[in-house]
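Here's the structure, in structure tokens; my notes come after.
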Amino acid sequence: MWGKIADMHISNHPTISINGVLRPTYVEIDLERLTENYRAIQQQVGAAMVMPILKANAYGHGLIEVAMHMQKIDVPYLGVAYLEEGLLLREAGITTPILVLGGIIGSQVPLFIKNDLTLTASSIEKLEHVDRAAKQVGKQAKVHLKIDTGMERIGVHYYNAKDFLKASLDYKHIEVEGVFSHFANADSLDLASAKLQLERFNEVLKFYEDRALPVPIRHIANSGAVLQLPESYFELVRPGILTYGVYPAGDIPRSVPVSPALVWKSRVVYFKVVKPGHPVSYGSRWESDHMVRVVTVPVGYGDGYFRAMTGKAEVILRGKKYPVVGSICMDQMMVNIEWDSAYNDDEVILIGEAEGERITCEDLAEWAGTIPYEVLTNINTRVPRVYV
Ligand SMILES: *Cc1c(COP(=O)(O)O)cnc(C)c1O
């Protein structure tokens with residue numbers, strides 16, 4: 001199992017190139033941009049620690065490279081969703097504290113403790129299990145307690161939290177380092193739900209104050225809350241998508257200036273003239289009523305360029321936007337350039353900007369009927385990541 005994880009990691013890693021020749025379709029990540037975004041968030045949240053969230057291959061930006069960079073700029077904590085993501089980071093030599101945010105199963109617990117990964121405990125049973133495992137491993141387990149204040153995903157319900165917090169004080173092999181919750185609607189302009197969750201969280205946290213106990217690190221703010229709910233910052237904030245320079249929703253106040261770190265590019269690999277009455281691609285869903293020039297680009301839904309964007313997507317070629325025409329295939333797609341010129345090897349921008357034209361991951365999200373988060377995490381491992 002271990003060998004497999006390691007092999008998988010290497011084959012995904014980081015620039016898929018043969019003899020130094022990169023695949024013509026690739027993603028470019030600006031690490032300096034990540035630093036700027038991190039600093040802009042830090043500026044906003046004042047004394048609170050910023051824990052960048054690196055789950056799902058660092059929102060498509062490359063787990064290991066982003067973590068290496070974050071460690072280099074001395075971020076105090078990293079957040080991931082799964083044990084396996086934490087293990088990959090430890091294997092890569094990342095020594096920064098790592099909180100695994102997601103739910104866990106019992107057999108995973110010893111691996112957390114052995115690899116200094118901070119656990120999320122979301123029930124008394126889990127705490128008991130962690131305590132037993134920590135005793136066996138012979139090491140303290142570091143734990144953050146998860147309170148469910150309205151997301152109904154994981155965590156002890158806020159109305160049952162007192163027993164949970166009380167119980168957490170009794171385990172000899174557990175250090176309760178943090179206590180946290182998660183917003184369901186912090187990216188909404190209507191903040192009533194988020195404020196209710198925050199109120200419930202504050203109510204739960206009184207447990208410590210009432211008993212004059214030291215208060216663990218408290219956290220609840222995701223990107224949406226960083227942007228519009230300063231009273232939720234506490235000692236730590238957990239921005240994911242904002243770290244990568246993308247806003248969690250189109251209409252949210254852009255109170256922290258960040259900009260995208262990711263550009264997605266490809267190249268023209270074929271040029272032809274298509275006559276009217278000759279439909280393009282699977283299902284013959286598109287044809288022109290006049291002669292057009294059509295280029296083929298080696299990217300498709302097998303790379304994470306959603307097929308659902310068929311009929312809507314555009315790309316930038318030679319500083320101008322052109323429509324993708326016909327069904328998006330698994331590995332290729334066609335672009336109608338009317339009677340403009342283009343040549344094999346010309347750069348094609350899928351996400352990014354050139355000469356004043358701009359295509360954002362929000363645009364792709366709209367064309368695909370999804371959210372920017374899914375656009376980023378959907379760019380799969382067949383697409384090499386290049387770091388600049
Ligand atoms: C994904 C996640 C975050 C980050 O969310 P963004 O909206 O990307 O900022 C924070 N906390 C938890 C528990 C998460 O699952």
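We count ligands from 1, going down the list as the structure has it; atoms in each ligand are counted the same way.
- The ligand atoms of ligand 1 that sit less than 4.0 angstrom from a heavy atom of P239 are 9 (O).
- Each of I104, L83, I174 was checked for a side chain to side chain contact (heavy atoms under 4.5 Å, CB included) with L119, and the lone residue meeting it is I104.
- Of all atoms in ligand 1, numbered sequentially from 1 with element shown, those under 4.0 Å from a heavy atom of I241 are 6 (P), 8 (O), 9 (O).
- Of the candidates K55, M51, H219, it is K55 that places a heavy atom closest to atom 2 (C) of ligand 1.
- Of all protein heavy atoms, the one lying nearest to atom 5 (O) of ligand 1 is Y59 OH, 3.6 Å.
- Under the 4.5 Å side-chain heavy-atom criterion for ILVMFWY residues, a single connected hydrophobic cluster contains both V50 and Y244.
- Between E65 and R385 there is no salt bridge, since none of the side-chain N atoms of the basic residue sits less than 4.0 Å from a carboxylate O of the acidic one.
- Considering both main-chain and side-chain atoms, F180 never comes within under 3.5 Å of ligand 1 through any nitrogen or oxygen pair.
- From the protein, the heavy atom lying nearest to atom 11 (N) of ligand 1 is R238 NE, 2.8 Å.
- Side-chain contact check for V280 versus V274: some heavy-atom pair is nearer than 4.5 Å.
- Of all the heavy atoms in M333 and L350, the pair that sits closest is CE-CD2, 3.7 Å.
- Ion pairing of D116 with K142 is absent here, as no side-chain N (NZ or NE/NH1/NH2) approaches a carboxylate O to less than 4.0 Å.
- Using a 4.0 Å cut-off between heavy atoms, S223 contacts ligand 1 through both its backbone and its side chain.
- A heavy-atom separation below 4.0 Å is not found between P248 and ligand 1.
- Within the 4.0 Å heavy-atom criterion, the part of H182 lying near ligand 1 is the side chain and not the backbone.
- Geometrically, ligand 1 and Y373 share a nitrogen or oxygen pair separated by less than 3.5 Å.
- The shortest heavy-atom distance from R153 to ligand 1 is under 4.0 Å.
- The pair D148-R200 does not count as a salt bridge, with every side-chain nitrogen at least 4.0 angstrom from each carboxylate oxygen.
- Checking side-chain atoms of H61 against main-chain N and O of A58 turns up a donor-acceptor pair under 3.5 Å.
- Atom numbering of ligand 1 starts at 1 in the shown order; those under 4.0 Å from a heavy atom of G240 are 4 (C), 6 (P), 8 (O), 9 (O).
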